[in-house]
Number of protein chains: 2
Amino acid sequence: MQRKSFGNMQCPIARSLERVGEWWSMLILRDASLGLTRFDQFQESLGIAPNILTRRLKRLVETGLLERRRYSDKPPRYEYVLTQAGRDFRPLLWAFIAWGNKHFAPEGPSVVIVDSKTGVEADPLLIDRASGRPLTMPDFRSAAGPAANAQIRQRYPAAPRARHASTAPNPPHP
Amino acid sequence: MQRKSFGNMQCPIARSLERVGEWWSMLILRDASLGLTRFDQFQESLGIAPNILTRRLKRLVETGLLERRRYSDKPPRYEYVLTQAGRDFRPLLWAFIAWGNKHFAPEGPSVVIVDSKTGVEADPLLIDRASGRPLTMPDFRSAAGPAANAQIRQRYPAAPRARHASTAPNPPHP
DNA sequence: CAGTATCCTGTCCGATACTG
DNA sequence: CAGTATCGGACAGGATACTG
């Protein structure tokens with residue numbers, strides 16, 4: 001479905017899928033997050049055909065998730081490193097791990113997130129940074145944002161007028 | 001790539017992709033999270049061809065993310081509602097929204113997560129439930145879990161022996 | 001080592017027509 | 001309303017051979 005704009009391309013989920021929607025893309029990002037940078041490293045880790053790997057890497061570079069960097073001159077050699085956007089994708093990978101472990105790993109988890117120092121297993125949870133509350137329904141919901149077009153607005157009810165929460169720093173006194 | 005086991009299918013990310021890897025699947029889950037349940041609702045919201053919608057719904061039911069439920073008898077009618085696994089996918093959708101907003105919405109967010117009561121915009125953040133610390137590198141990392149096979153173990157360094165953290169409740173006294 | 005070039009298969013998807 | 005049936009196009013992905 002890649003090219004032909006997908007449903008409503010203003011949807012941030014659809015836009016994200018535009019970048020990482022192909023099967024291998026997320027697995028390449030996973031490996032890049034593990035520190036792999038070179039063509040043959042990806043190829044061996046993934047067991048992917050070289051032409052396909054070329055295509056996926058090219059796309060990930062185009063969409064700004066990887067950067068192609070020359071690391072040798074004598075024979076020109078390139079490596080692929082995560083951009084900021086690519087690094088920011090890691091929490092999503094971890095959320096996938098948590099979700100997969102919870103529902104599709106009857107034999108127990110084969111990959112876990114751990115504290116680097118203590119080795120204690122972490123339990124990923126999505127919260128609101130400001131209030132620290134877990135992002136669960138019905139406490140939170142999605143809503144049309146400021147840049148929403150008509151189609152989005154129809155799908156998502158608008159956010160209620162934001163009375164700023166008690167956490168708001170220094171509300172201007174009227 | 002759907003059927004032919006993808007790379008290493010013990011990887012929880014690959015397993016997750018097995019369920020929601022097709023383009024429409026996540027968008028269907030998005031709509032289901034917004035409360036849509038019926039065939040024509042999905043069709044209108046997504047602008048998807050009916051035969052494709054049939055395929056995706058069938059798959060999502062097979063993989064346990066949606067449940068097909070009869071809601072009328074006289075003409076037999078079915079609706080599609082999220083299972084627990086499907087509901088648990090919502091945080092991932094929200095993480096996608098946050099990621100997409102941050103990197104691919106130069107004109108500002110068209111969809112946001114808000115506090116249902118106050119309308120205050122939330123800022124999704126993945127943390128460790130027990131310690132409350134943000135799941136970021138290098139504080140945390142992924143590691144091979146107890147059920148890991150050789151291939152996984154090779155990709156992910158094993159977790160260090162877990163000296164149980166200070167948060168551990170009532171360590172058994174030796 | 002880091003790809004490119006070809007050829008091929010599968011299937012995702014769109015469009016359209018039809019049905020109980 | 002909730003799909004099924006059929007056709008065709010695009011491309012992802014696999015396999016393999018080849019190159020600087």
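Computed from a predicted model, the values in this text were never measured in an experiment. In what follows, chains are A, B, ... by sequence order, proteins preceding strands, each numbered from 1. Below, all heavy atoms of this structure are taken into account, side chains as well, without hydrogens, waters or symmetry copies.
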What protein N or O atoms touch nucleotides 5-7 of chain C N or O atoms at under 3.5 angstrom, if any, and at what distances?
residue	atom	partner	partner atom	Å
C:dT6	O4	A:Asn51	ND2	2.9

Look at the side-chain N and O atoms of [X] and state whether any lies under 4.0 Å from the OP1 or OP2 oxygen of [N].
X: A:Arg68; N: C:dG3; result: yes
X: B:Trp24; N: C:dT11; result: no
X: B:Arg56; N: C:dC12; result: yes
X: A:Thr54; N: C:dG3; result: no
X: A:Arg38; N: C:dC1; result: no

| Is A:Tyr71 touching bases, backbone alone, or none of the nucleic acid, heavy atoms closer than 4.0 Å? | sugar-phosphate
| task | Tell me what B:Leu53 touches on the nucleic acid: a base, only sugar-phosphate, or nothing, going by heavy atoms under 4.0 Å. | result | nothing
Given atom [atom1] of [X] and atom [atom2] of [N], what is their separation to the nearest angstrom?
X: B:Ile52; N: D:dG8; atom1: CD1; atom2: C1'; result: 12 Å
X: B:Leu17; N: D:dA12; atom1: CG; atom2: C1'; result: 15 Å
X: A:Ile28; N: C:dG3; atom1: CD1; atom2: P; result: 12 Å
X: A:Leu36; N: C:dC1; atom1: CG; atom2: P; result: 15 Å
X: A:Arg77; N: D:dT19; atom1: CZ; atom2: C1'; result: 12 Å
X: B:Phe42; N: D:dG3; atom1: CZ; atom2: P; result: 11 Å
X: B:Tyr80; N: D:dA2; atom1: OH; atom2: P; result: 9 Å
X: A:Asp73; N: C:dA2; atom1: CG; atom2: P; result: 14 Å

| Given the side-chain rings of A:Trp99 and A:Phe104, with only the six-membered ring counted for Trp, is the space between their centroids under 6.0 Å? | yes
Going by heavy atoms in the side chains, are [X] and [Y] under 4.5 Å from each other?
X: A:Glu18; Y: A:Met9; result: yes
X: B:Ser110; Y: A:Cys11; result: no
X: A:Gln10; Y: B:Glu107; result: yes
X: B:Ile113; Y: B:Glu121; result: no
X: A:Lys102; Y: B:Asp88; result: yes

| task | Going by the side chain to side chain contact (heavy atoms under 4.5 Å, CB included) test, name the single residue among A:Leu60, A:Leu57, A:Leu36 that passes it with A:Tyr80. | result | A:Leu57
| message | Pick the closest DNA chain C nucleotide for A:Phe39 and for B:Ile48 by heavy atoms, then say which residue is nearer the 5' end. | response | A:Phe39
| field | Options C:dC12, C:dG3, C:dG20, nucleotide nearest the side-chain atoms of B:Arg59 | value | C:dC12
| request: Name the closest nucleotide to the B:Ala49 side chain, picking from C:dG3, C:dA15, D:dG14. | output: C:dA15
| Minimal non-hydrogen separation, B:Leu126 against A:Pro91, with atom names | CD2-O, 3.5 Å
| said: B:Ser131 vs B:Asp128, test: side-chain hydrogen bond (donor to acceptor under 3.5 Å, both in side chains). Steps then yes/no. | reply: CA-CA 6 Å; B:Ser131 68; B:Asp128 168 35; 2.8 Å; yes
| task | Among residues two or more places apart or on two chains, list those pairs meeting side chain to side chain donor-acceptor pair (under 3.5 Å) that have a residue in residues 26-38 of chain A. | result | A:Asp31-A:Ser45, A:Arg38-A:Tyr71
| Pair assignment for DNA chain C - dot-bracket with | for other-strand partners, Watson-Crick or G-U under 3.5 Å | ||||||||||||||||||||
